[in-house]
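Take a look at the structure set out below.
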Amino acid sequence: MPWAKGEDFIDLKERFEGLRIEEKPTITALHIEKERIIDLLKALKEKGFKLFLDHSVVDFPDRSPRFQAFYMLYNVDERKRVIVKTWTDGVLPSIEKLWFAGKWAEREAYDMFGIKYEGHENLVRAFMWETYQHFPLRKDFPLEGFATEYLPSLNEVLWGDNLQGLMNYDKMHTPVPTLEDLETTEKKRLQKKAQIVLNWGPLHPGTHGTMWFLFDLEGERVYQCDVILGQLHRGVEKLAENEMYNQFLVYTDRMDYLSALCSNQAWVVAVERLLGIEDLVPEKAKYIRTMMSELQRINSHLLWLGTYALDLGALTIFLYAFKEREKLMDIIEGITGARLTISYTRVGGVRMDLPEGALEVIKAFVKRFPKELKEWETILSRNRIWLRRNIGVGVISKEDVYFYGLTGPVARGSGVPYDLRKFEPYDAYGWVEFDIPVGENGDVYDRYLVRLEEMRQSLRIIEQCVQALEKMPKSAPFFAESPDPKKLKLPMDGIGLKVPEGEIYSSGENPRGELGFYIYSTGGVKPYRVKIRPGSLYNLCVYPKLMKDRVIADAVALLASLDPVVGEIDR
Amino acid sequence: MEYIALLIFFFILLGLALVFVFINYVLGPKSSDALQDYPYECGVPLYDKSAQSTFHQGYYLLGLLLLLFDIEAAFLFPWTVVYRYLGIFGFIEMFLFILILTYGLLYAWRKGALNWQFEEESL
Amino acid sequence: MEGLLAWLVITLIKIVVILAIVLGVGAYLTLVERKVAAHIQRRPGPMVVGWHGLLQPLADGLKLLTKEDLFPRYGNRFLYNLALVMALVPATLVFAVVPFGPEFEAFGIKVKPILTDVNIGLLLVFALGSMAVFSIALAGWASNSKYALIGSMRKAGIIVSYEVVITFAVMGPIILAGTLSTYDIVQNQIDQKLWYVWLQPIAFVVYMFAMLAETGRVPFDVQEAEAELVTGFTVEYGGMKFGLFPLVEWYIEVLSLSAIAVVLFFGGWSPINIPFLGFVDPLFFLGPLSPFVWFVLKVSLLFLFVLWLHWTLPRYRIDQITETAWKVMLPLTFVNLVLTAVFAPLIWR
């Protein structure tokens, strides 16, 4: 397990009185009072825990102080992770000086729980609009919301009160923002300093989804930039608290909808680890999951390549990439029955065995795909225009990777070899051979090359998985069997799956960064709190910094090189 | 005579362009929606109501250079047409002229006037 | 009196022909572009409306004609419409000096297939060409949209740079021909048994660059740049007004500048040239139609070349475009000018 050990913190224990080290197989936590939290985090940062992963709070309405805050840090050199915890009643010191990514995490905690941060530069709501009154993730927020607005749907307008059964909704709805609310939000987010403030998004083809950027422009140069998120906010974390473990699986599809299989895998691995049944999952299921995830990674990178080229004006690559992607989608559809929101994995294995001929199709794809890849590289990689648009644009240094909490290809493009498939192998990743491509300069071009090479490495993994699967007998199990059904029920549909008390942070390597799940379970069939660490969100938080003093034409290149997906950012 | 043909063509085109300007008004449907004439800016409230304000441009020095070079081009055009009859004298004359032009271009280059002017302070 | 009437009739016929070519062919070039793009991208393109989508431009036109006429809030209505007029008129007016073929005789009257053979034809072309920037600048300003404004400003930046380049680039062929009349330039090439592209490769390459830049084709399509500016300066235009801008910029201007390129560098209506020896005409069986076919063929090839680039390359950034113009293209044209002046006497003989 990649958790730091208690002995790593002996020197800290001397410096910080009252520091309590909690060591469990699923987690290593440092407990400290909130007055000294900043000092402790600083000390940890100096100790090598430089990469900021996540921060949020868990709400315990019956306790006092009410909120337990946690900070997740990673030591990339020694491959150790640690959690720092503290209790608060609603006020915390801000860590934005230590990690910029903390600034965004704090905004989110403020938005969802109403935690105030002292010393935060501009504490605004992360997802909701500024005039919204409530804090949705608090446990006392009613599931049906506060129905205060008269907002009949189109059906209700057309049919009046004649709607039958389930269609007959309440006409009162939770509030939605008006134009004035949005204007307040916008003005609070960014103070105009230059000539013109341009709304770039939410309905804009270059933003790859509904993101709302504000560019304060001096001519075409961006003087300052900020992002307003939340157009796709669905409260996935709140949903997670009210769904069973397997029911929540379908929501992981809808977060990063371009890499559903990877998100599925990350979630079930997290639950399996919490249950302690990681070793019970049959080998076949592990190979299948790994293979499918890698197919999905290629799929996702193809979409990235296509849209990236499209953004820079190379319209044809877009269709070339989508043609290959379509074949991949067909393969995935043939195996799982779905193309976009897949939900193929289950806690304990996969939903069904591979169909007849699946491996042959995949083999054919693996054989042909490198040729296509090579062709695109001839069109793009050495193209003068492409080079001039990419090289030296949006340079992210190694320190920035840690400071902004970047993961995935963005971190690797800057030369940080942070890849969970190697650092914390889950499923079959420990049994297959592959390399991690890293960049040198950390510019847009390096990230482009890293992603291209990742596709090749994915092919390698798929090849090895196919070989392993071919050797297995047809009758090999693809779903785990519970050693003691009385203690632990492991049904395919997940009904009755009880998870013991405990907590875990487990993450998977998604195509666009680390997707982590912090699960806090108080026992029973539903988790008490699930904090999702979205790779896209933290990757995006470097964007305002990269955009400073660049022109609008670079905005698309930079954004596409970070490759965010709004479904995952907003959740 | 030749220019009259041009003039006729011009007026015909003008009429055609006016047809294009008004044809949608005549043929198209008319609806009324409070926000239908809202300027496109991704469908969110406008930070600045009007886009017609000061807007820094990166090429204002290039604009000045364009004036200079275009005037010089105007000198060169007659020369190109009659160069055939000027002989060696015409060549030397214009060679010097182009040399001076090149020098002017190099000067502007050295001064950074050919670069995109991102900031006004940079000069 | 009768002579004047005949002249008027001929002129009107010529105008009708040119308009038919410009608007009809221009509209059908949209289909050509879509088909070419589709086949570059390994897909069939429009297939539903008519045989292989042959009626697609008509359907598009009909759709554009029946759109609602909208005008952006806080905009300037007069300039908004003026931009449209200023886009269409100068761009089409250029065709007045494009020679489509050699002089021929019909019903006893000698007809030059050029609307008006003025002796400053080329000057007229470039004077009218630079009017395009006004239309785009006005469109961007009058729309009162920031995207439109940025797009139009970018375009102005490009024109500012490539206007100079294109004027200096065409000086080489003019020296060789010794005239500004488009008809005479072609005639001189035929007399000298030489396409000027053989002696002016630099000028030709620079001219092509400038042509792509002035017409806003990839890799210089920064004023539209869908991914950044949606569609740039046309963002607030709707219906036929919206349809007209791409028609003018992408088709009519490309067509006219290709035609001028053919006139300047490829000997207009002349068949394939072997330098200093003569012309080979594989299309001799067409008789008197052959020159016209050659002209159309050359223009189409240039147009297809532009399409090919458009659907293959990524796009430059605006500052890179202007820097290329001033730091690479312009010095090249100077060199070319001097070189031409040196060896031109050998050509005249």
Side-chain angles (χ1 to χ4, degrees), chain A residues 195-201 203-208 213-217 219-222 306-324 326 372 375 378-381 383-390 392-393 448 550-560, chain C residues 33-34 36-45 140-141 144-158 209 212-213 216-232 235 307-324 327-328:
Chain A
Q195 289 174 338
I196 269 182
V197 176
L198 179 75
N199 289 311
W200 202 63
L203 299 174
H204 191 286
T207 57
H208 297 209
F213 294 94
L214 292 168
F215 290 156
D216 197 2
L217 294 177
E220 265 200 54
R221 193 171 60 99
V222 176
T307 51
Y308 183 31
L310 185 69
D311 284 348
L312 291 189
L315 301 133
T316 298
I317 298 292
F318 171 72
L319 277 132
Y320 286 3
F322 264 57
K323 194 182 119 239
E324 287 311 302
E326 200 58 29
E372 299 280 337
E375 190 181 330
T378 18
I379 299 179
L380 292 181
S381 293
N383 185 324
R384 259 166 188 283
I385 304 173
W386 188 259
L387 295 178
R388 285 194 71 177
R389 285 300 302 273
N390 282 316
V393 174
Y448 158 80
R550 311 262 3 160
V551 287
I552 299 175
D554 287 335
V556 278
L558 285 171
L559 186 65
Chain C
E33 165 137 33
R34 286 170 72 173
V36 169
H39 286 287
I40 288 177
Q41 295 169 347
R42 302 177 185 165
R43 59 191 173 89
W141 179 260
N144 187 43
S145 164
K146 289 162 207 163
Y147 286 108
L149 182 73
I150 295 170
S152 64
M153 292 295 177
R154 282 183 179 182
K155 177 76 181 184
I158 294 180
F209 261 89
L212 291 172
R217 282 284 186 174
V218 170
F220 302 111
D221 65 334
V222 283
Q223 82 280 21
E224 325 230 320
E226 313 80 9
E228 302 153 28
L229 302 181
V230 199
T231 54
V235 76
L307 286 194
W308 180 38
L309 287 187
H310 188 119
W311 294 99
T312 313
L313 293 177
R315 77 170 68 86
Y316 273 119
R317 215 167 52 207
I318 174 73
D319 52 322
Q320 296 167 345
I321 295 177
T322 51
E323 267 171 37
T324 317
K327 293 182 179 170
V328 182

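Note: A:Ala553 leads A:Ala560, A:Gly206, A:Ala553 in heavy-atom pairs under 4.5 Å with chain C. Heavy-atom pairs under 4.5 Å with chain C were tallied for A:Asn199, A:Thr207, A:Thr316, A:Leu319; the largest tally goes to A:Thr316. Ranked by heavy-atom pairs under 4.5 Å with chain C, the first of A:Leu315, A:Ile317, A:Asn383 is A:Leu315.
In this pair, A:His204 and C:Tyr147 present their aromatic rings tilted. The plane angle is within the 30 to 60° band.
Interface residue A:Val197: only backbone heavy atoms are found under 4.5 Å from chain C. No part of C:Ser145 comes within reach of chain A, as not one of its non-hydrogen atoms sits under 4.5 angstrom from that chain. The contact between A:Ile552 and chain C is made by backbone and side chain atoms together, counting heavy-atom distances below 4.5 Å.
Partners of C:Glu323 according to the side chain to side chain contact (heavy atoms under 4.5 Å, CB included) rule, which considers only residues two or more places apart in sequence or in another chain, are A:Arg388, B:Asn115, C:Lys327. Qualifying side chain to side chain contact (heavy atoms under 4.5 Å, CB included) partners for A:Ala555, counting only residues two or more places apart in sequence or in other chains: A:Trp200, A:Phe215, A:Tyr543, A:Met547.
Atom CZ of A:Arg384 is surrounded by 12 or fewer heavy atoms from other residues, nucleotides or ligands within 6.0 Å.
Look at A:Lys323 and A:Glu375 and you find no salt bridge, because none of the NZ, NE, NH1 or NH2 atoms lies under 4.0 Å from a carboxylate O.
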